[in-house]
Number of protein chains: 2
Amino acid sequence: MKLIEREVVTALRRHGYKLTPQRRLVIQTVVSTQNHLTPIALYERVHQVYPNIGLVTIYRTLEILAKLKLICEVHAGGSCGSYLLKRPLEHHHHLICSECGAVVDFTGCDLSQLEQRLSLETGFEINDHLLEFIGLCQACQKEAT
Amino acid sequence: MKLIEREVVTALRRHGYKLTPQRRLVIQTVVSTQNHLTPIALYERVHQVYPNIGLVTIYRTLEILAKLKLICEVHAGGSCGSYLLKRPLEHHHHLICSECGAVVDFTGCDLSQLEQRLSLETGFEINDHLLEFIGLCQACQKEAT
DNA sequence: TATATAAATGATAATATTTTTCATTTAGAA
DNA sequence: TTCTAAATGAAAAATATTATCATTTATATA
Ligand SMILES: [Zn+2]
Ligand SMILES: [Zn+2]
Ligand SMILES: [Zn+2]
Ligand SMILES: [Zn+2]
């Protein structure tokens, strides 16, 4: 068993979750791919070796792994289905209030240095980036007191 | 009519889309809120003043506005439903191949200066950030030739 | 202004995704 | 080995999104 796999398994155990063969397989699959996977893509892979598994089990296992912060969510390419007027038409990003959903735009991200470093280190041809800051707007800060 | 609203309307016209009362209302609503909205939240608002509107019209209008790049998508708080093992448990981000979904992790984002600037400028209390780079991995670059 | 026409709408159905419910099975403690 | 709470999977329900199609309408043009 890979070291990282053992770590995930141990974390599950430590939090009192049982280690079922289904969960083992989900973990094995997640550990052994470099790609991000949707619940359904994951289901299809696990299903190959364990045809009896239910899609719900995938959802439930992902839920636990997310709660224990053992997996990350990827946004690029997908859609969270929430939209906003593009106020400055130029390149900009958002500062978002997690409480009320208010959005403030900002320009001047300057990630070019980081981008160049990553390009060199990984060989990726970088085309775009996604940057958001999450916090509380002034109004929601006051309400929280 | 607000200046920005007129700009959106003009852009629609310029691309040959008809200006229906339904579209006007969707645009008005998007223009007049600082919050990001889901299709359904938008539907509920427009529905108040135009009870006959269909949810499909909201979807279709958003689709057009997105294609013309007149709206932005927001990810914070939502879920794109794609997951990945958290390989370094420390704070890190992702470099994602838009072609094959391969993900490379990187650390050292250093956004603290930008974060501080935004905090001062907007009064937000910033708690988190979302950062992803999107591009083509080496393998997919070769395939593209 | 009246007319023609392609585009847009909304009702409905279809598809896709995610969550609930519940009877049965099972991992792990004792 | 036995017991019990947790986990599973089938099925249904709830949500979200997209497709189909008859009807309506915005706009170009006569
Ligand atoms: Zn940027
Ligand atoms: Zn997202
Ligand atoms: Zn790739
Ligand atoms: Zn960071």
Side-chain angles (χ1 to χ4, degrees), chain A residues 1 6 8-30 36-68 70-71 73-75 77-83, chain B residues 1 6 8-30 36-68 70-71 73-75 77-83:
Chain A
M1 203 195 290
R6 190 173 301 279
V8 172
V9 164
T10 304
L12 269 202
R13 276 233 161 81
R14 195 171 50 238
H15 286 84
Y17 294 101
K18 292 183 179 173
L19 205 62
T20 63
Q22 292 93 330
R23 284 182 180 167
R24 273 184 192 284
L25 278 167
V26 170
I27 291 167
Q28 268 174 35
T29 308
V30 169
H36 57 108
L37 298 172
T38 61
I40 286 161
L42 191 50
Y43 171 75
E44 281 163 359
R45 295 201 183 195
V46 177
H47 186 78
Q48 305 267 321
V49 282
Y50 195 112
N52 220 41
I53 199 168
L55 180 53
V56 255
T57 298
I58 306 289
Y59 276 101
R60 288 190 280 228
T61 306
L62 284 174
E63 194 182 9
I64 292 167
L65 295 178
K67 185 158 66 181
L68 301 186
L70 297 167
I71 52 175
E73 190 179 357
V74 168
H75 289 273
S79 169
C80 276
S82 200
Y83 301 88
Chain B
M1 203 196 292
R6 189 173 301 278
V8 173
V9 163
T10 304
L12 270 201
R13 275 234 161 80
R14 195 171 49 238
H15 287 84
Y17 293 102
K18 291 184 178 172
L19 204 61
T20 64
Q22 292 94 329
R23 283 180 181 167
R24 272 182 193 284
L25 278 168
V26 171
I27 291 167
Q28 268 174 34
T29 307
V30 169
H36 56 109
L37 297 171
T38 60
I40 285 161
L42 191 50
Y43 170 75
E44 281 162 0
R45 295 202 182 194
V46 176
H47 186 78
Q48 306 266 321
V49 283
Y50 195 113
N52 219 41
I53 199 168
L55 179 54
V56 255
T57 298
I58 307 288
Y59 276 102
R60 288 190 280 227
T61 306
L62 284 175
E63 193 183 11
I64 292 167
L65 296 178
K67 185 158 66 181
L68 301 185
L70 297 167
I71 53 175
E73 189 178 358
V74 169
H75 290 274
S79 169
C80 275
S82 201
Y83 301 88

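Reminder, nothing fancy here: chain letters follow the sequence lines and each chain counts from 1.
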Rounded to the nearest Å, what distance is computed from the [atom1] atom of residue [X] to the [atom2] atom of nucleotide [N]?
{"X": "B:L42", "N": "D:dT17", "atom1": "CG", "atom2": "P", "answer": "12 Å"}
{"X": "B:I40", "N": "C:dT17", "atom1": "CD1", "atom2": "P", "answer": "16 Å"}
{"X": "A:H15", "N": "C:dG28", "atom1": "NE2", "atom2": "C1'", "answer": "18 Å"}
{"X": "B:H47", "N": "C:dT9", "atom1": "NE2", "atom2": "P", "answer": "17 Å"}
{"X": "A:R60", "N": "C:dT21", "atom1": "CZ", "atom2": "C1'", "answer": "10 Å"}
{"X": "B:R14", "N": "D:dT27", "atom1": "CZ", "atom2": "P", "answer": "16 Å"}
{"X": "B:L55", "N": "C:dG10", "atom1": "CG", "atom2": "P", "answer": "11 Å"}
{"X": "A:E63", "N": "D:dT8", "atom1": "CD", "atom2": "P", "answer": "12 Å"}

### Query
Does atom CZ of A:R45 have more than 12 heavy-atom neighbours, drawn from other residues, nucleotides or ligands, at distances under 6.0 Å?
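12 or below, so no.
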### Query
Does D:dA26 have OP1 or OP2 sitting under 4.0 Å from an N or O in the side chain of B:Q22?
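Answer no for this pair, as no side-chain N or O of B:Q22 is under 4.0 Å from OP1 or OP2.
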### Query
According to a strict under-4.0 Å criterion, is B:T20 in side-chain N/O contact with OP1 or OP2 of D:dT25?
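Answer is no, no contact under 4.0 Å.
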So if I take every side-chain heavy atom of [X] and compare against [options], which nucleotide ends up nearest?
{"X": "A:V56", "options": "D:dT17, C:dT18, D:dA11", "value": "D:dA11"}
{"X": "A:Y17", "options": "D:dT27, D:dA7, D:dT17", "value": "D:dA7"}
{"X": "A:K18", "options": "C:dT20, D:dT27, C:dA27", "value": "C:dA27"}
{"X": "A:I53", "options": "D:dG9, C:dA27, C:dG10", "value": "D:dG9"}

### Query
Out of B:I58, B:V49, B:L42, which one pairs with B:T29 under the side-chain contact (heavy atoms from CB on, under 4.5 Å) rule?
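Filter result, single survivor: B:L42.
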Looking for any heavy atom pair under 4.0 Å, which part of the strands does [X] touch: base, sugar-phosphate only, or nothing?
{"X": "B:R23", "answer": "sugar-phosphate"}
{"X": "A:R24", "answer": "nothing"}
{"X": "B:Y50", "answer": "sugar-phosphate"}

### Task
Could you say whether B:N52 or B:C80 is positioned toward the 5' end of DNA chain C, judged by the nucleotide with the nearest heavy atom to each?
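Nearest-nucleotide comparison on DNA chain C picks B:N52.
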### Query
Do A:L68 and A:Y17 have side-chain heavy atoms sitting under 4.5 Å apart?
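Yes, close enough: below the 4.5 Å cut-off.
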### Message
What verdict does the side chain to side chain donor-acceptor pair (under 3.5 Å) test give for B:S79 and A:E73, after you've listed the backbone C-alpha separation in whole Å, the side-chain angles of each residue and the deciding distance to 0.1 Å?
### Response
CA-CA 8 Å; B:S79 169; A:E73 190 179 357; 2.8 Å; yes
### Query
So which one's nearest nucleotide on DNA chain D is more toward 5', B:Y59 or A:I64?
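Whichever sits nearer the 5' end wins; that is A:I64.
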### Task
Go through B:I64 and B:K67 one step at a time and tell me if the side chain to side chain contact (heavy atoms under 4.5 Å, CB included) criterion holds.
CA-CA 5 Å; B:I64 292 167; B:K67 185 158 66 181; 5.6 Å; no
